[in-house]
Number of protein chains: 2
Amino acid sequence: MASPGSPVVELVFGRWTSHVLWTLANHGRMRFGELREHISAVTPKVLTQRLRQLERDGFISRAYHPEMPPRVEYECTPLAISLRPIFTQIVEWSDAHLDDVREARRQFDGGVAADQL
Amino acid sequence: MASPGSPVVELVFGRWTSHVLWTLANHGRMRFGELREHISAVTPKVLTQRLRQLERDGFISRAYHPEMPPRVEYECTPLAISLRPIFTQIVEWSDAHLDDVREARRQFDGGVAADQL
DNA sequence: CCGTATCCCTTAGGATACTG
DNA sequence: CAGTATCCTAAGGGATACGG
């Protein structure tokens, strides 16, 4: 039986990765600038890195339109779409159990200090 | 709707984390040394860090037996068990689509170079 | 046996500025 | 507009050795 320490975690749950995928999945085709706005606080360098990686791994497609000014659009491939059940389940788990984590921390920390998730 | 850029990713899919959780879920109660063996290549320092974090977040419990030599046992809490559907789905996705990723890379890289996942 | 204590070092990622 | 090019830092790990 494979382990969830499997490559998938690295492929999909690296920094920014799931965020990009989720955004693209919900908005459909998006331009570079749009992604930047939606994924607040990501710098263009890092966003580009993640986009290239996701493209290489087959999760997104990149369409370059040689106009002036240039226009580039990114879109989820079917492979990325196939991740949806996983994302959905993660969101459901969050809604159901995130408070439990907060409470566990409060207990562990001695009931006092902060609990920034 | 929450995003999978949500805290869950950090909680569960950090380095080693899912691996530890998965191992504990499958073997039940385990000692520190057993975990070290099963999670090959993790150093005691880092393993301890992850175990503490998981304990703080309520995913595992730690039982210290003051014997000689000392014995410590870790175990999944119900909260960790509740992650199972997610892990299961990840494993299923791996089996179904990991080859697609490999193929996508081959394409992207020009059909030649390696494809270490 | 189950960790801590140090030290070191890579490397991902941020800030900033610039170009086709 | 959509990225590159550079520089920089800080933080997470790894190796190693020791302690209760």
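Note that the coordinates shown come from a computational prediction; the quantities given were computed from them, not determined experimentally.
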- Message: A:Met30 vs A:Tyr74, test: side-chain contact (heavy atoms from CB on, under 4.5 Å). Steps then yes/no.
- Response: CA-CA 5 Å; A:Met30 289 179 82; A:Tyr74 294 94; 5.6 Å; no

- Query: Does A:Arg31 put a side-chain nitrogen or oxygen below 4.0 Å from OP1 or OP2 of D:dC1?
  - Reply: no

- Message: In terms of relative ring orientation, are A:Phe13 and B:Phe13 parallel, tilted or perpendicular, with 30° and 60° separating the classes?
- Response: parallel

- Taking atom CZ of A:Arg36 and atom CD1 of A:Ile39, what is their separation to the nearest 0.5 Å? 11.0 Å

- Query: Taking atom OG of B:Ser61 and atom CG of B:Leu24, what is their separation to the nearest 0.5 Å?
  - Reply: 9.0 Å

- Query: Between A:Arg36 (CZ) and D:dT4 (P), how many Å, whole number?
  - Reply: 13 Å

- Item | Gap between atoms CH2 and C1', on B:Trp16 and D:dG13 respectively (whole Å) | 10 Å

- For B:Ala80 and B:Phe59, the nearest pair of non-hydrogen atoms, with its separation, is CB-O, 3.1 Å

- Opening and closing nucleotides of DNA chain C in contact with chain A, under 4.0 Å to non-hydrogen atoms: C:dG13 to C:dG20

- Donor-acceptor under 3.5 Å (A:Thr88 side chain, A:Arg84 main chain): yes

- Query: Does any N or O in the side chain of A:His97 come within less than 3.5 Å of the main-chain N or O of A:Trp93, such that one atom is a donor and the other an acceptor?
  - Reply: no

- Item | DNA chain C contacts among residues 61-77 of chain B, heavy-atom distance under 4.0 Å | B:Arg62, B:Pro69, B:Pro70, B:Val72, B:Tyr74

- Which part of the nucleic acid, if any, lies within reach of B:Arg15 when heavy atoms closer than 4.0 Å are counted: base, sugar-phosphate only, or nothing? sugar-phosphate

- Would A:Gln53 and A:Arg50 satisfy side-chain hydrogen bond (donor to acceptor under 3.5 Å, both in side chains), going step by step from the backbone distance to the final call? CA-CA 5 Å; A:Gln53 173 202 320; A:Arg50 294 286 78 83; 3.0 Å; yes

- Query: Quick one: are A:Asp57 and B:Phe108 in side-chain contact, heavy atoms under 4.5 Å?
  - Reply: no

- Quick one, which residues of residues 41-54 of chain B touch DNA chain D with a heavy atom under 4.0 Å? B:Thr43, B:Lys45, B:Val46, B:Arg50

- Message: Quick one about A:Gln107 and A:Glu103 (side-chain donor to acceptor, distance below 3.5 Å, no hydrogens or angles considered), yes or no?
- Response: yes

